[in-house]
Number of protein chains: 2
Amino acid sequence: MQLSGRKERILAAIVERYIATGEPVGSKTLLEFSSMPVSSATIRNEMAELSRLGFLDQPHTSAGRVPSQLGYRYYVDKLMNRYELPLNEKRLIEARLSDAGGEPQQILEQAGQVLAELTNCAVVSTTPSDTNAVIRRVELVPLGTHTAMMVMLSSSGILKSRVCRTDSELNLELIETFYNIVSKHFIGKSASEVSIALIQTLALSLGSKSLAISPLLVTLSDLAQMTEQTQLLLEGQSNLLNYADYPNAYELMEFLRRGEPLTNLFSNHKSQGDANVLIGKENLYRELQDSSVIFSHYSVSGKDSGTLGLIGPTRIDYARLIPSLKYLTEIVGNIMSDTLED
Amino acid sequence: MQLSGRKERILAAIVERYIATGEPVGSKTLLEFSSMPVSSATIRNEMAELSRLGFLDQPHTSAGRVPSQLGYRYYVDKLMNRYELPLNEKRLIEARLSDAGGEPQQILEQAGQVLAELTNCAVVSTTPSDTNAVIRRVELVPLGTHTAMMVMLSSSGILKSRVCRTDSELNLELIETFYNIVSKHFIGKSASEVSIALIQTLALSLGSKSLAISPLLVTLSDLAQMTEQTQLLLEGQSNLLNYADYPNAYELMEFLRRGEPLTNLFSNHKSQGDANVLIGKENLYRELQDSSVIFSHYSVSGKDSGTLGLIGPTRIDYARLIPSLKYLTEIVGNIMSDTLED
DNA sequence: GTTTAGCACTCTCGTTGTTAGAGTGCTAAC
DNA sequence: GTTAGCACTCTAACAACGAGAGTGCTAAAC
């Protein structure tokens, strides 16, 4: 649907005003700050029309108008002009990310914190999931006579560790056998190839040592799984408590904490280029019906890897947040790529 | 101050009833479920007396009574009899902790989640801080020609990693030099000994290689610091949203997120044996004036190392939560100790 | 035919008044 | 020391009401 120029101006003004104040916008108020060369009656007529078309809602008869979901959608798609991030803010972001520590989690954590501060939204991010990632290195560090810490690093930079307890004593021979197996069968393999079946076959082929070494192999397989699994990081949830729009914030918070629904949501919208914006009921999850989700995928070494997302009430400042998010995903992708290759 | 037996019974009944229902307790209600062989008038007299002594508060004239901070204190110190954790719950806890993964953070994270579910409170914990901990192992894994990931493991089981970027190419010689330095000067040293001064002296002594290796040493020092720093973990904050007692939950959540105040609080109360209970304004932080904090230190290999704490409204079920917390700290300590020695 | 002034209408929100109910404190009797 | 009884107090819930904001419509103006 295409609206007339004036209707568009009015819709945009209402959206922006409502985003700024949170109050329904009346014809008079609108006139006051949007300086259109018409009277409030004209605006009223246009607003009535916009209501009829479904772009505006009215909390009750004598209140002003509020953008409907459709209204926001039209605004986001056609009316909004994005703010450019000021240069000093860009610099600030880069500075904060560059000393994050280099691991994907650390970078995303920092990015999440920065975004949360910048946007007053909750920020979620997923760790890079590279289906082509392979096991790069495995270390086994003895802690006691029967325990050791195993550390696995994948080619996508993800580091996971786990403590392993063995039944028989962890002597040098055992450790050496383990390293041999690892370098022969696991290094360079993708994590998904470390199946239980493979582990069992291997263990069997070792004969007498089988029993001693199998706890180590099991831990290895656990680690491979952990490496493969994308993780969801969450920052700034408490920002959402500042919006009156959330009467039962608990439900939303728990939803965010659970994680998998969001991971699914992200992976169901793989559109490359621009940021995805889901407004209100466009989210199929009940818990998000009053929220908007903006997310964008970052790519490491040219491949889509993970997602950075913002969650807030539907009346968030799309024009400002989308560019911020886009910028962050770009930077995050760059930093991660830089770390892996150069 | 010592109350008469009957006053004690009444106080205990009021506390328990109020904890259970959240409603002020009147003389009649009290009589109904506490089955004392007296009339409501007698109870009223006793309650009036308890109010005068400061153990009870009255929201308004015609409301029932609510325990005052002093009332809770007396209850916790003298009246409460602790529930024992049912065996099946104990088993459940052990099961969930045993497959946490073995690293202190992982264990504490699991413990926090279990406790949060069990208690409906927010759970905070601090990672073990062992002043005697030493650097146990350092690994340098090349990622690219100029980047590497450095991993440090301390004797207390803490694993930290950081990506390091070098100016000159990361060749085998450089790596070997680095490992030599590490094993000669750092392994077995406590993290606090890795001072900037030491790093600088070392770098200078290396002559021509100095420039190439110093980024690695700087990263090493960063890691040492990270290892030393106690970290605060937080679980189940959103539980607090379920209590009507928190009109501005945001402030509290932010307070918890900030972390250092809590770390201070914990380290200011180093009483060994039993759990510490701070009720309402006994907490000096403004943000905690309406909350109670229960915390207890866990010890690894016999030494006090970190803290597990619960935060909830003052009307939490002390009799149930304290034993749960105690049990968890015990288990956490045991598991961590087991991992390091055996 | 678009725009606008004017006006009646509707709805919310804050205030006020009223009532029912809960719980108290006190007094006098047991 | 305990208890029955009663007057008193305070809140929570509900209704009534007026002010204010904003609308939609109509008829006149441009």
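A note on names: the letters A, B, ... follow the listed sequences, proteins ahead of strands, and every chain is numbered from 1.
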Which is more 5' along DNA chain D, the nucleotide nearest B/Ala41 or the one nearest A/Asn45? Just name the residue. B/Ala41

Winner on side-chain proximity to A/Thr61, out of C/dT10, D/dT3, D/dC10, is C/dT10

Just say parallel, tilted or perpendicular for the rings of B/His269 and B/Phe295, cut-offs at 30° and 60°. perpendicular

Taking the basic N atoms (NZ, or NE/NH1/NH2) and the acidic carboxylate oxygens, is any pair closer than 4.0 Å for A/Arg96 and A/Glu117? yes

A/Ile43 CD1 to C/dA5 P, straight-line distance once rounded to whole Å: 12 Å

Length of the line joining A/Leu50:CG and D/dG24:P, which is rounded to integer Å: 11 Å

When you check the phosphate oxygens OP1 and OP2 of C/dG25, does a side-chain N or O of B/Arg65 lie under 4.0 Å from one of them? yes

Rounded interatomic separation in angstrom, taking CE from B/Met47 and P from C/dG25: 8 Å

Rounding to a whole Å, what distance do you find between B/Glu46:CD and C/dG25:C1'? 15 Å

Rounded off to whole Å, could you give me the NZ-to-C1' distance for the B/Lys28 and C/dA22 pair? 9 Å

Can B/Arg6 and B/Glu46 be counted as an ion pair, charged N to O under 4.0 angstrom? yes

Side-chain N or O of B/Arg44 versus OP1/OP2 of C/dA22: is the shortest distance under 4.0 Å? no

Is a side-chain donor or acceptor of A/Tyr246 paired with a backbone partner of A/Gly312 at a separation under 3.5 angstrom? yes

A/Ser62 side chain: which of D/dT2, C/dC11, C/dG25 is closest? C/dC11

Going through the distances and angles, do A/Asn248 and A/Leu252 end up as a side-chain contact (heavy atoms from CB on, under 4.5 Å)? CA-CA 7 Å; A/Asn248 68 347; A/Leu252 182 58; over 6 Å; no

How many whole angstroms separate atom CD of B/Glu32 from atom C1' of C/dG23? 14 Å

Can you measure B/Leu56 atom CG to C/dG25 atom P for me and round it to whole angstrom units? 11 Å

Round to the nearest Å and state the distance from A/Ile10 atom CD1 to D/dT23 atom P. 11 Å

Hey, is the side chain of A/Ser39 poking within less than 4.0 Å of OP1 or OP2 on C/dT4, counting only N and O atoms? yes

Under 4.0 angstrom, heavy atoms only, what part of the nucleic acid is B/Ser40 near: base, sugar-phosphate, or nothing? nothing

Can you see if the side chain of B/Ser27 gets near the phosphate of C/dG23 - specifically, an N or O under 4.0 Å from OP1 or OP2? no

